[in-house]
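Shown next, in structure tokens, is the structure this report addresses.
Just so it is clear: chains get the letters A, B, ... in the order the sequence lines come, proteins before strands, and each one is counted from 1. Only heavy atoms go into these numbers, but all of them, side chains included; no hydrogens, no water, no symmetry mates.
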Amino acid sequence: METAVLAAEERVLEGLSERQREAVLHGEGPLLVIAGAGTGKTTVLTRRIAHLISSKRARPEEVLALTFTEKAAVEMAERVDQLIPYGYAETWIGTFHAFGDRILREWALEVGLAPEFRVLTRPEQIIFLRERLWRLPLKRFRPLGDPTRHLGALLGLVSRAKDEDIAPSAYKEWASARLATALDPAARDAAERHAELAAFYEAYQQLLAEAGAVDFGDQICRALALLRERPAVLAALRERHRYVLVDEFQDTNRAQLEMIRLLAGPDRPNVTVVGDDDQAIYRWRGAAAGNLLAFRALYKDAREVVLTANHRSTQVILDAAGQLISYNNPYRLEAMAGIDKRLRSLRDAGLPVRHVHFDTISAEADGVAGLVAERLGQGFRPRDVALLVRSNDDADPFLRALNVRGIPHRFTGSRGLYAREEVRVLVCFLRALANPDDSVSLFYLAASEVYRVPETELLRLNRYAVRKSRPLLEVMRGLPANEELAGVGGEARERVDRLLAGLDAAAAEVPHRRTGELLYRFLQASGFLARLSRAADAESEARVKNVAKFFDAVKAYGEVAEHDRVPAFVAHLDLLRDAGDDPAVAEADPDEDAVAVLTVHKAKGLEFPVVFIVSCVEQKFPVKRRSDPLELPADLVEDRLGGAVDAHLHEERRLFYVGMTRAKDELVLTSAADYGTARLRKLSRFVVEALDLPSPAPTPRKSQALEALARHQPAPEPAPGLERPMRDEELLHLSFRQIDDYETCPLKYKYVHRLRVPLLVHHRVVYGSAVHKAVQEMFRARLQGRAFGEDDLAAAFRSAWVSEGFLSREHEEQRLQAGEAALRRFHREEAASPLTPTGVEQEFAFNVERTRVVGRYDLVVERGGRVMILDFKTGDVDDVAAAQKRATESLQLDVYALAHLKTAGRLPDWVELRFLESGLAGGKRPTLDEAARTESRIRDIAALIRRREFSPRPSYMACGQCAFREVCPHTARGPETEERPTA
DNA sequence: TTGAAAGGTATTTTT
DNA sequence: TACCTTTCAA
């Protein structure tokens with residue numbers, strides 16, 4: 001290994017011209033090395049470091065090597081170690097971030113921080129802000145119903161401001177200058193918005209300082225501020241580190257650029273940077289060519305070395321990649337700085353780059369697996385082959401296809417730990433322990449592989465619990481003495497006993513033991529760990545690793561928590577999850593001989609003999625562009641790229657370039673037309689560009705609706721015994737909620753309406769139902785001719801209030817006040833043109849064949865023969881268009897209309913949603929057409945329910961919102977939600 | 001030709 | 001839920 005690496009390094013040096021070698025090894029003063037893919041970027045840098053030290057030009061501690069990623073730092077240190085094994089111990093090799101951290105810790109007291117200040121992770125930032133929400137100067141970014149909805153976006157803005165090295169004071173100044181000169185209302189509004197954002201930024205920094213904490217990325221910012229304000233500190237650092245070397249300079253952001261400028265200084269700049277703009281794949285404004293140009297502008301006399309001799313790939317691959325990247329002109333260094341960066345292969349010509357197109361994604365996955373198998377037959381090792389994907393989710397079908405063919409493979413994703421079965425069991429155990437009423441978790445735990453309570457019996461216990469409105473745990477405890485449940489079998493009883501014994505034993509320990517200890521005992525006592533470790537296959541190994549990883553999280557909590565006990569940990573975990581925290585599953589053994597499936601980002605810096613870039617279609621690669629939820633003002637951000645027209649597309653193209661240049665011998669690009677979505681996909685423009693194909697014909701046909709439906713249907717689950725289909729003549733009751741839930745996901749319907757797994761109350765439900773009840777009371781009084789004043793309404797609201805599910809006492813108080821204020825306003829506004837209801841909470845029921853649809857109208861108003869049905873809603877809808885959209889799409893209103901048609905013989909003249917907080921309304925005039933469509937919709941769903949068809953329908957949005965996402969084994973990854981949604 | 005409505009889709013990753 | 005693209009209607 002060592003000699004191989006050294007030999008490779010020799011090759012790199014041999015590839016250099018005399019002048020280049022001289023510059024790299026012996027050069028003094030600023031040096032810019034532009035090193036294309038596979039030309040030995042790290043080699044040049046490590047050689048230079050080793051040379052500086054071994055030639056005694058620099059003492060080891062005078063050399064400072066900065067990288068962008070941890071991975072790069074480790075690799076660099078290893079290679080220097082091979083060159084001068086013991087000579088570099090004092091050399092600082094690490095990331096920019098770690099370096100900023102070190103400076104800050106050394107001088108922490110100078111900037112008013114204790115040296116042991118805490119660094120908050122991203123999820124911790126959200127938790128931190130949530131707890132202090134009420135002290136933040138937020139108005140328009142803290143909407144009524146959901147106080148934390150914008151925190152993620154706000155933090156994103158702050159972190160971008162930090163990357164751009166914009167201080168809160170600078171932002172504030174800018175905003176108030178804007179405010180002073182804004183003339184028209186639109187400009188004024190924009191300026192006010194930014195003033196608020198700037199105030200938030202400042203307040204947040206203040207809060208962090210008070211708490212003795214900084215957030216990720218802040219170390220560099222604060223270190224910079226320190227260096228600017230204390231010239232003595234800066235001088236000391238410059239004295240210490242006379243040589244600064246930077247790897248991967250193209251991915252460096254503005255604050256890091258500034259750090260180099262300060263450290264190297266204009267007077268004595270002994271700085272070397274190595275980079276290649278075409279491989280910049282992390283989107284920070286002005287990175288890529290912009291940073292390299294900024295460096296050139298800063299050090300006009302810098303020596304420049306361009307490395308183009310490629311040791312990795314065949315010329316065919318390099319040419320295709322070069323052709324692709326030329327589409328980024330003129331925003332490339334090559335074009336902007338007049339450099340020739342065309343890569344020359346030092347190898348034979350090689351196989352042509354291929355593009356293979358398939359009809360469907362499954363054909364593509366299968367085809368690729370077939371091609372991989374072919375290569376293995378030709379004598380390639382599995383580890384020689386890589387499948388590169390653009391998004392983690394794209395890997396799924398390929399993993400399955402490799403699995404089917406029995407080809408060893410490993411996938412390196414970047415999240416998903418909490419979704420793993422073995423981790424879920426642990427979480428449910430802790431939840432059940434922390435909250436005995438949490439029947440969802442208990443249910444899952446009982447059904448899990450640890451206790452295996454038979455599902456049919458478990459359902460029975462659960463139904464009984466629901467009927468008696470008691471927690472499942474209580475029913476389990478009362479099982480031996482319960483005559484109604486005498487029919488529950490012996491096996492189930494025995495397993496329930498084991499479960500209860502396990503829980504009781506653990507519960508007794510809760511006050512005395514730390515979370516980790518308790519969890520460990522559970523694993524041992526239940527035999528779960530033993531069973532996992534006994535199995536010798538790779539899958540079990542992975543599971544054990546994941547369990548270990550979860551233990552790390554538990555341990556990490558124990559290290560910072562004041563009281564490391566289960567209830568506190570569960571609360572902490574819930575917050576983390578809500579904040580979008582989802583660590584990666586455990587890494588597979590890197591030495592394992594397996595086909596690598598990974599994202600292109602993860603592949604940066606790696607190489608493989610055979611590379612497949614899969615799913616090369618528009619919208620996937622390049623991915624659709626997503627704009628920032630909150631934009632930094634453009635004139636605060638220094639543009640280092642001369643206003644590139646489409647920065648997003650350029651970055652995607654660089655990413656594709658990185659993917660292509662990973663290949664040593666063979667590169668295959670694949671695509672398909674049909675990815676199971678309603679629309680057919682177009683071939684990626686990158687394939688067209690790289691291979692010089694004719695522009696693809698426009699999408700030829702639309703896929704048949706039925707075909708699309710069939711694709712959505714997942715493989716049928718083996719149905720558990722109990723669920724016999726309903727006989728046709730049996731009556732099925734359906735409510736609007738049930739229909740809606742079934743449409744969202746049949747499995748959710750099963751959880752909510754058949755299993756009736758009880759849910760913990762969410763604050764939005766408390767709020768909504770209290771408002772609703774109050775309004776109902778008001779109209780009922782009006783119907784009866786009673787007076788009902790504003791105060792009565794407020795009183796009704798408060799008496800309907802349940803104190804449950806709120807984030808904090810302050811949050812609850814704020815919601816109470818908000819609700820009351822909204823109701824009072826509603827009362828006043830309504831008094832201007834009072835509704836005269838003819839029905840309040842009026843129940844209805846009608847049949848669609850043997851299905852009885854039941855429900856109630858909130859409010860019916862009949863006047864002059866016109867019938868209007870109203871439904872009241874809470875939740876932030878703050879413009880007319882949104883309200884109207886909600887109404888147009890409302891299944892609930894459709895059901896109302898159909899109900900009125902069926903029961904009164906005619907359609908209502910108007911159906912409407914009223915949004916109480918904003919006073920906005922959206923409505924529509926029902927049509928017979930629509931009613932017929934609603935009826936057939938109901939008929940279809942009823943038929944499926946009768947067949948007991950409860951296959952999950954995981955989807956991006958539905959799963960992110962679903963209350964069962966913790967326990968549902970089919971969860972698709974949802975968007976980061978900062979709030980736990982309601983059922 | 002224009003505008004509104006319906007319909008489809010959802011990223012990667014650093015510290 | 002928010003954005004974008006396509007389709008439909010005027």
Tell me the interatomic distance from [X], atom [atom1], to [N], atom [atom2], rounded to whole angstroms.
X        : N      : atom1 : atom2 : result
A:Arg681 : C:dT6  : CZ    : P     : 12 Å
A:Glu930 : B:dA6  : CD    : P     : 9 Å
A:Glu618 : B:dT9  : CD    : C1'   : 15 Å
A:Leu680 : C:dT5  : CG    : C1'   : 15 Å
A:Asp393 : B:dA10 : CG    : P     : 9 Å
A:Arg222 : B:dT15 : CZ    : C1'   : 15 Å
A:Asp394 : B:dT9  : CG    : C1'   : 13 Å
A:Leu606 : B:dT13 : CG    : P     : 13 Å

Does NZ or CZ of A:Arg653 come closer than 6.0 Å to the centre of the six-membered ring of A:Phe686, within 45° of the ring's axis? no

Distance-only polar pair, side chains of A:Glu651 and A:Tyr282, donor-acceptor under 3.5 Å: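 Judged by distance alone, the side chains do not pair up.
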
Start at the 5' end of DNA chain B and walk down; is the nucleotide closest to A:Lys624 or to A:His648 reached first?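 Checking each residue's closest nucleotide, the 5'-ward one belongs to A:Lys624.
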
With the side chain of [X] defined as its heavy atoms from C-beta on, choose the nearest nucleotide among [options].
X        : options               : value
A:Arg390 : B:dT12, B:dT9, B:dT13 : B:dT12
A:Thr599 : B:dG8, B:dT14, B:dT13 : B:dT13
A:Asn392 : B:dT13, C:dT1, B:dT15 : B:dT13

Distance-only, no hydrogens or angles: does the A:His648 side chain make a donor-acceptor pair with backbone N or O of A:Val623 under 3.5 Å? yes

State whether the side chain of A:Thr95 and the backbone N or O of A:Ala98 hold a donor-acceptor pair below 3.5 Å, judged by distance alone.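 Side chain of A:Thr95 to backbone of A:Ala98, a donor-acceptor pair under 3.5 Å: yes, one is there.
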
Give a yes/no answer on whether the side chain of [X] brings an N or O atom under 4.0 Å of OP1 or OP2 in [N].
X        : N      : answer
A:Asn253 : B:dT14 : no
A:Thr95  : B:dT15 : no
A:Thr69  : B:dT13 : no

How about A:Leu649 and A:Arg625: do any of their side-chain heavy atoms sit closer than 4.5 Å? no

Base, sugar-phosphate, or nothing: which does [X] touch, judged by heavy atoms less than 4.0 Å apart?
X        : answer
A:Asp101 : nothing
A:Glu70  : sugar-phosphate
A:Lys620 : nothing

